[in-house]
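Everything below concerns the one structure shown next.
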Amino acid sequence: MCSDNKLTLAIQMQRVCKSYGNLVVLKDLDLEIQPSKKVALIGPSGSGKSTILRILMTLESIDSGRVMINGDVLYDFKEGEPPPSLVEEHISKIRSKVGMVFQSFNLFPHMSVLRNITEAPIHVLKFSREEAEQRALEFLDMVGLKDKVYAYPAQLSGGQKQRVGIARALAMQPKIMLFDEITSALDPELAAEVLSVLSNLARTTDMTMLLVTHQMRFAQEFSDRIIFMEHGTIVEEGSPENIFQQPKEERTRTFLKTVLEAT
Amino acid sequence: MDALEITIAATILGMALAIMLGLLWAVTRKSNHPVVYWLATTIVEFFRSTPLLVQIYFLFYVLPDAGFRLTPFQTGVLALGLHYSAYLAEVYRAGIYSVPEGQWEAAKALNLSKVHTFKSIILPQALPPIIPAMGNYLIAMFKDTPMLSAITVLELLQTAKIIGAETFRYIEPLTLVGVLFLTLSLISARMVRFLEQRYVQ
């Protein structure tokens with residue numbers, strides 16, 4: 001492999017194709033993300049942003065191409081060949097390096113906040129209950145919800161739910177965190193509290209963070225790099241300054257003009 | 001009074017069996033393995049598409065030939081359990097489908113195993129909404145217990161018939177049977193409603 005590149009890439013996708021029936025979602029997509037970078041994916045709905053996150057989280061497979069996470073091959077399919085049966089153990093090992101926060105929170109409604117956060121560390125990482133609860137409290141403190149330890153998801157506001165979602169994902173110690181439109185279901189005010197947690201996190205951690213968002217200002221502040229996608233391909237990418245101040249592509253300009261006018 | 005005990009015991013044991021087997025069919029029907037799926041589907045369709053009475057007779061006369069020696073009561077419980085497990089499998093399935101896909105995805109993202117996900121995440125959410133349906137099947141099974149009289153189980157109806165044959169008085173014992181069934185069914189219905197209020201939000 002590239003000998004001049006000493007760092008193992010956090011995420012590498014090569015010629016990835018993915019379609020649902022006749023609908024092509026990703027078209028020969030190439031994407032490389034360096035470790036500990038904060039990257040925002042922007043673009044119109046249906047451009048394939050969320051699909052990228054779902055593939056990296058192993059919630060979706062791909063039709064062809066190659067996906068590597070931290071240097072380990074997750075998928076490597078040639079076009080026309082049926083995907084080889086994947087060894088669950090192997091996928092599970094890769095999955096353990098990735099965490100995801102969902103648009104619809106997906107908290108476990110029958111479990112307290114504490115148990116939402118400790119369930120996987122206890123059963124997957126084999127932490128003792130005391131240790132897992134101790135750590136859960138630290139993460140809850142970090143997202144400003146220490147007083148909600150024993151609450152149930154139904155008793156929380158949307159913003160609080162999403163902050164628990166972040167704490168829950170962090171408790172699994174992922175190297176890569178994926179955020180899938182995590183404020184889209186929230187009022188602006190509640191979105192703001194979630195985004196402030198996210199900015200703090202981005203500043204203080206060396207995790208690789210990949211964020212799909214429609215909030216351009218936040219993307220601008222948060223990320224080292226912005227990727228603009230349309231119709232399943234990357235149209236343009238660059239630093240926030242480049243993309244927002246002097247986009248090269250006409251399509252990027254049109255998109256930014258539309259969304260920035262709308263807000 | 002023995003007859004009442006037998007009727008209730010047959011219902012409770014039959015329901016316990018149906019609850020366990022029904023879950024087994026529901027889980028195996030979710031399997032990706034084609035043989036397992038096909039087998040579970042065939043079993044469920046078979047028990048749902050043939051009459052309970054036929055199944056009772058079948059088990060009663062065929063099991064001993066196959067080397068299984070069961071008492072008539074045990075055979076009856078087995079028949080009730082198998083028959084109703086097929087219906088409960090569908091009830092479980094509805095409950096499992098009512099849990100949003102996002103719950104499976106969140107569990108997967110946390111790397112929880114499939115078994116753990118099912119046991120600790122999905123099932124606790126799938127059960128409360130199906131409690132009323134399960135309760136209805138419990139009552140239905142209770143009312144089906146007189147069929148066991150066909151294989152000489154001395155449950156309520158059979159006992160009433162015997163008393164009638166001995167005393168030439170059918171009205172009193174049969175009325176009593178009707179009243180007992182009515183009373184117990186109403187009590188069960190109230191209990192189901194109580195559980196419903198408690199677990200279904």
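In what follows, every heavy atom counts, from backbone to side chain, and hydrogens, waters and symmetry copies are set aside. Below, read A as the first sequence line, B as the second, and so on, with proteins coming before strands; counting in each chain starts at 1.
Only the backbone of A/V98 comes within contact range of chain B, judged by heavy atoms closer than 4.5 Å. Using a 4.5 Å cut-off between heavy atoms, B/E105 contacts chain A through both its backbone and its side chain. Contacts between A/R168 and chain B at a heavy-atom distance below 4.5 Å involve backbone atoms as well as side-chain atoms. Of the atoms belonging to A/L125, not a single heavy atom falls under 4.5 Å from chain B. For A/S96, the parts sitting under 4.5 Å from any heavy atom of chain B are the backbone and the side chain alike. The contact between A/F102 and chain B is made entirely by side chain atoms (from C-beta outward), counting heavy-atom distances below 4.5 Å.
Between A/G158 and A/L190 the shortest heavy-atom distance is N-CD1, 4.3 Å.
Comment: B/E101 does not engage B/K108 in a salt bridge, judged by the lack of any side-chain N to carboxylate O separation of less than 4.0 angstrom.
By the 6.0 Å contact criterion, OH on A/Y20 is enclosed, its count of non-hydrogen atoms from other residues, nucleotides or ligands being greater than 12. Under a cut-off of 6.0 angstrom, the local environment of NZ in A/K97 is crowded, with over 12 non-hydrogen atoms contributed by other residues, nucleotides or ligands.
Ring orientation note: the planes of B/Y137 and B/Y84 are nearly perpendicular, at an angle over 60° on the 30°/60° scale.
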